[in-house]
Amino acid sequence: MAGLLAAGLATTMYIARKHRRTVYLIDYACSEGIGSCRVPMATFNEHNHLNPFFDDDSVSFMRRMLENSGIGEETRLPPGDFYMPASNSLREARSEAETVVFSAIDDVFAKTGVAPDAVDILVVNCSVFAPVPSISDMIVNRYRLRDDISSVNLSGMGCSAGVISAGLAAGMLQAAAARYALVVSTEIITSNFYVGRERAMQLSNVLFRVGGAAVLLSTSDERARFRLSHLVRTSTMGTHDGSYSCVFQEEDGEGNIGVNLSKDLLAVAGESLKANITAVAPLVLPFSEQLLFLLGSKLRRVPDFGKAFDHFCVHCGGRAVLDKVQRSLALSDEQMEASRMTLRRMVVVDLVVLLHRHRR
């Protein structure tokens, strides 16, 4: 009897997995904020010099970090950062959220021709800004989305939140009788402008910029640009304290709130990447590459992911992060070009490596 029950359960799970609906990316749009808020390096350095919060040592440190960051002259900061002194009020943060999020959503609706009332699922992520009403509520109200929409707002999940949101939306599409899911990913930086003198916390002022993206997912392949084949996330927070504390919002000794970017961040990223490669490789690589990877071939430190993918989109959280990933995956300069140009022009962030197939 127990054997029959187990066999029946296994058969049911197999059928459910076999008939699980495929999820497609219809289109996406990015927002860079207000054009007048462009911040060339000279403007950034002069503003810090005039800002009463920072001494000469702090200004010099942030200037050196910016020069080595890989960030270009076209990125933008929120309007509140241009005030003297800078303003990180709730009103300014909400204004930044509305500007970035609404412009990205407007563009994705215009590109796809999908009406707002056709959206069944809304998933929003923003780590350090969690107002009431939430950003997802702001979107529902602005676009008059349906009363029965399934709406989720994620916070505090760091740079990996974009991937988590896409996975959550895909799972909800597969589980429900739904056709469209809107995923919105952003980081509102107004509220976390750091005014203290801790170096590890001043880095967030240098590396973070205005930006966001809206993505429309669907279970229909009509007009789809990509098919979501595999979504793999690995977390090392439960086994490694350094992973938990490498990006940490806290107060400094004087009570100033900011995000502490630990010196262990690159090492943690390297270990997380190794764990992620181990999980992804069997799903996508041809058998010959898997064999080399499993045997730890002395001829190649990592498998050649170029044999599985045409395009690579790597988390662009700074030049050091991109250099680390390029070395770890043995990627060419050409394969890294898209991420380096994104860092230079937009600084759009997602923690894990995204590998996009060119073929649907």
Side-chain angles (χ1 to χ4, degrees), residues 17-32 104-115 118-125 152 154 159-176 178-186 211-234 276-277 279-286 304-316 325 329 331 334-343 345-346 348-360:
R17 179 173 296 182
K18 184 177 180 179
H19 293 281
R20 180 181 294 175
R21 295 192 297 174
T22 303
V23 176
Y24 300 91
L25 185 151
I26 305 302
D27 216 324
Y28 66 92
C30 297
S31 173
E32 302 174 60
I105 295 175
D106 287 345
D107 286 349
V108 84
F109 281 148
K111 283 183 175 182
T112 61
V114 174
V119 175
D120 304 289
I121 296 165
L122 172 65
V123 180
V124 179
N125 70 263
V152 180
L154 304 179
C159 297
S160 63
V163 177
I164 296 170
S165 295
L168 176 59
M172 294 173 70
L173 279 172
Q174 291 171 332
R179 183 171 184 179
Y180 291 112
L182 178 63
V183 180
V184 180
S185 180
T186 188
V215 177
L216 190 67
L217 301 179
S218 178
T219 51
S220 170
D221 64 354
E222 183 180 356
R223 295 178 298 172
R225 297 187 60 181
F226 298 99
R227 173 171 56 88
L228 183 59
S229 297
H230 303 286
L231 198 153
V232 179
R233 176 179 178 247
T234 52
N276 195 255
I277 290 173
V280 170
L283 299 175
V284 299
L285 290 174
D304 182 4
F305 280 100
K307 292 187 177 181
F309 299 104
D310 298 307
H311 304 289
F312 295 77
C313 303
V314 181
H315 164 59
C316 42
V325 173
L329 293 182
L331 299 178
E334 182 179 357
Q335 290 170 325
M336 293 293 297
E337 182 179 4
S339 293
R340 293 195 184 277
M341 289 302 100
T342 301
L343 171 65
R345 296 179 57 189
M346 295 180 68
V348 176
V349 294
D350 267 311
L351 179 62
V352 300
V353 179
L354 300 178
L355 306 164
H356 286 168
R357 282 191 184 276
H358 179 64
R359 300 173 295 276
R360 280 178 51 189

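For clarity, every value in this text was computed on a predicted model and none was experimentally measured.
- Contact check for Asp27 versus Arg225: side-chain heavy atoms found under the 4.5 Å cut-off.
- Judged as a side chain to side chain contact (heavy atoms under 4.5 Å, CB included), and not counting sequence neighbours, the contacts of Ala279 are Val232, Thr234.
- To the nearest 0.5 angstrom, Leu231 atom CG is 10.5 Å from Leu168 atom CG.
- Applying the ring-ring contact (aromatic ring centres under 6.0 Å, His included) test to Phe109 and every residue at least two apart in sequence or in another chain returns Tyr143.
- Side chain of Ser185 to backbone of Val124: no donor-acceptor contact under 3.5 angstrom is found.
- Of all the heavy atoms in Asp120 and Arg179, the pair that sits closest is OD2-N, 2.8 Å.
- Here the shortest heavy-atom pairing between Ile26 and Ser220 reads CD1-O, 3.6 Å.
- With sequence neighbours left out, Ser165 forms a side chain to side chain donor-acceptor pair (under 3.5 Å) with Asn125.
- Under the side chain to side chain contact (heavy atoms under 4.5 Å, CB included) criterion, Ala104 pairs with Ser31, Ala214, sequence neighbours left out.
- Note that CD of Glu337 is 14.0 Å distant from CZ of Phe312, once rounded to the nearest 0.5 Å.
- The side-chain heavy atoms of Thr112 and Tyr180, taken from C-beta on, include no pair separated by under 4.5 Å.
- The structure places OG of Ser218 at 8.5 Å from CZ of Arg21, a figure rounded to the nearest 0.5 Å.
- Considering every non-hydrogen atom in both Ala169 and Val183, the closest pair reads CB-CG2, 3.5 Å.
- Put simply, the side chain of Leu228 does not reach to within 4.5 Å of the side chain of Leu25, judged on heavy atoms.
- Of all heavy-atom pairs spanning Val119 and Ile121, the tightest one is CG1-O, 3.2 Å.
- At least one side-chain heavy atom of Leu216 sits less than 4.5 Å from a side-chain heavy atom of Val114.
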Test log, rule side-chain contact (heavy atoms from CB on, under 4.5 Å), inputs Leu329 and Gln335: CA-CA 11 Å; Leu329 293 182; Gln335 290 170 325; over 6 Å; no
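- Between Ala178 and Thr219, the closest heavy-atom pair is O-OG1, 3.3 Å.
- Residues passing the side chain to side chain contact (heavy atoms under 4.5 Å, CB included) test with Asp107, sequence neighbours excluded: Ala29.
- Legend: residues meeting side chain to side chain contact (heavy atoms under 4.5 Å, CB included) with Gln174, ordered by chain and number and at least two apart, are Arg20, Val23.
- Put simply, the side chain of Met336 reaches to within 4.5 Å of the side chain of Val314, judged on heavy atoms.
- Between Lys111 and Arg223, every side-chain heavy-atom pair lies at or beyond the 4.5 Å cut-off.
- Arg227 has its side chain out of reach of Asp221: every pair of non-hydrogen atoms, C-beta onward, lies at least 4.5 Å apart.
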